[in-house]
Amino acid sequence: MLMKPHDLKRGMYPIFMIAMLALRLFFWISPSHETQMIGSYLWPSIVAAMALLMACRLRGMSKSGIVSICLALWFWVSCVLNGDYYLTYNLHFIVGVTLTFGLGFPLFFTLEASEKGRWFDAVSGFYVGAMVILAGLGVYVVLTASSIGTPLSENAIKVTKGRLSVFGMHPNEIASAMSLGLFLAIRLILKTKHIAWKLVYGLGGCILCLAIAFTVSRTSILISAAGVSVAVFLWCMARLAKRKLLVRVAVSGTAMAAVLILLSGMMLGNIFSLPQKLPGIVAGLAEEAQETPATALAPAPTAAPTAEQTAAPTADPTEAPKKKAQIAVRDIMDDLGTFSARTEIWQAGLQYIKDRPITLLIGSADSDVARVPNRYLGRNVYHMHNTWMEMLLLTGVPGSLMYLFLILSVLWAGFRLLRAKGQAVHMQYLAIVPVFPLINGLMEIYPCVSGNVVDIMFFIVCGALISAAEGQKSGATK
């Protein structure tokens, strides 16, 4: 018996997406499992899910949902047109963008209105919980000058070159993922009426802020501080609803500015002295960690020593090196004129288009775009550090126009929710959330086409936002 359309409305689809998010996180810990599973299990299940979605729910779906699915299919076509006829060389990339645009974005267009809020809380709650766990482990690693790994691979949570990295993910990437988790945690704080849950989400948000600061990703730090300050503004406006508009704006604006300056200042500079201000606690935790090697996870396999380890005596393993703050402090003004040498990467992308004009029509394979910075600049950089440039090189003008349509649809939906009278504060904040990652996308490819959890979750949020705006005829969304 064929599956009926309403079967998708009973939780199978969002549960599937939660499972995909969990699997992508697991692949951080064990990349070898991704290589083994992607062709035999993951890719066939994604193709089947896409076929089921289009067969059951494409008719009557929002235009933005249809465009998102078309964009996912265009990625496939572009790879084929560029010589990867069986998606052999770009399968990891195709799996990521299909989960992002083909299945993540349309998720909430398939659910009943009464189910959307519950499932959005479930999906975002899972994501927040996962990010808080990783952030907590990262903060512990920084404070104890240690590392946490698993037997599954050499990837570990550790400090590399003065920056926190998580299971081989670049600090900028993990900071982008955690900043989205921070925004979703703030939304849950604004939504829940239970003090205990507010405290839990608030503690999670503080842990995420610490971890983001330790990645030393300046863009993520600034947008995180901005996200917190905007939440303070909206909360103050709601609490002062009975006051005159001028008073509400003045008080709320002052509070927002104070939080923005204080939090960004702490995350950019002062927070890095935290390990030095707690020498007793740090030393105690470090000694305990050495006496009991297994921390939250099993210790990582023996790997090449880090710079910090080689600088200390290693003859006697019981002799602990002197612990000190490992995190670097980066001046916000350093390389500001070139955006940390990103402008030359963008110029290399433009030069690639000049050398290969057909890119504007059919795009290029991800395996080719990843080599552009090295080919033109000799730099070991594997993406364009800009979502729009990356999208143009990968999909040409057709894909870039579809992506532009999606982003404009998200911004318009957010504007509609903000404009609605009597709107709940957590919905007002949700309307603004996509703006912060989009700003981050001007300096990185997250969230867009990395195919990682941050991309998938971001476009799930975008789809939920558009779905909420389209489903709201009058009054506030509860």
Side-chain angles (χ1 to χ4, degrees), residues 14 62 64 105 107-129 179-205 208 223-224 226-245 247-253 255-256 259-260 409-438 457-478:
S62 166
S64 57
F105 190 96
L107 171 60
F108 284 91
F109 299 119
T110 68
L111 302 178
E112 295 286 356
S114 59
E115 299 177 335
K116 292 179 180 180
R118 176 170 58 91
W119 278 113
F120 184 74
D121 288 346
V123 177
S124 60
F126 169 80
Y127 183 85
V128 170
S179 63
L180 180 58
L182 173 63
F183 303 143
L184 295 177
I186 293 173
R187 176 195 164 271
L188 291 172
I189 294 173
L190 295 173
K191 182 179 181 181
T192 185
K193 297 180 181 179
H194 300 285
I195 299 299
W197 280 113
K198 286 183 181 291
L199 293 175
V200 170
Y201 297 140
L203 176 61
L208 286 167
I223 66 169
S224 297
V228 175
S229 63
V230 168
V232 170
F233 176 84
L234 294 175
W235 182 82
C236 290
M237 289 289 288
R239 297 291 293 180
L240 300 173
K242 297 181 180 180
R243 302 281 184 173
K244 294 182 178 180
L245 180 59
V247 174
R248 293 172 64 199
V249 173
V251 174
S252 302
M256 179 179 70
V259 171
L260 177 62
S409 298
V410 172
L411 296 177
W412 175 243
F415 175 75
R416 288 168 60 188
L417 284 181
L418 282 175
R419 189 179 58 178
K421 295 182 179 180
Q423 191 65 267
V425 178
H426 69 90
M427 290 303 296
Q428 291 179 333
Y429 188 70
L430 178 63
I432 298 174
V433 162
V435 174
F436 304 118
L438 288 174
M457 191 64 222
F458 173 73
F459 282 99
I460 288 176
V461 171
C462 290
L465 175 59
I466 295 176
S467 178
E470 292 180 349
Q472 179 179 286
K473 295 181 180 179
S474 62
T477 300
K478 298 181 180 180

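Nothing fancy with the numbering, it's 1 onward along the sequence. Nothing here was measured: the structure is a model prediction, and the numbers come from that model.
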Is Val230 close to Ile186 at the side-chain level, that is, under 4.5 Å between some pair of heavy atoms? no

Would you name the heavy atoms of Ala238 and Val425 that are closest together and state the gap between them? CB-CG2, 3.4 Å

Begin from the C-alpha positions of Phe120 and Leu184 and carry the test side-chain contact (heavy atoms from CB on, under 4.5 Å) through to its verdict. CA-CA 10 Å; Phe120 184 74; Leu184 295 177; 4.3 Å; yes

What is the minimum heavy-atom distance between Leu111 and Lys116, and which atoms define it? O-CE, 3.2 Å

The single option from Leu465, Ile466, Val461, Ile460 passing side-chain contact (heavy atoms from CB on, under 4.5 Å) against Phe108: Ile460

Can you name the nearest heavy-atom pair linking Lys198 to Ile189, along with the distance? NZ-O, 2.6 Å

Shortest non-hydrogen pair, Ala431 vs Gly414, comes out as CB-O, 3.4 Å

Classify the angle between the aromatic ring planes of Phe459 and Phe105 as parallel (below 30°), tilted (30 to 60°) or perpendicular (above 60°). tilted

Please report the closest heavy-atom contact between Ser179 and Ile223, naming both atoms and the distance. OG-CD1, 4.1 Å

Report yes if some heavy atom in the side chain of Arg187 is under 4.5 Å from a heavy atom in the side chain of Leu190; otherwise report no. no

Donor-acceptor under 3.5 Å (Tyr429 side chain, Leu188 main chain): no

Ignoring hydrogens and geometry, is there a side-chain-to-backbone donor-acceptor pair from Ser467 to Gly463 under 3.5 Å? no

Shortest non-hydrogen contact from Ala185 to Tyr201? O-CB, 4.0 Å

In Met237, Lys244, Arg243, Lys242, the residue satisfying side-chain contact (heavy atoms from CB on, under 4.5 Å) with Leu240 is Arg243

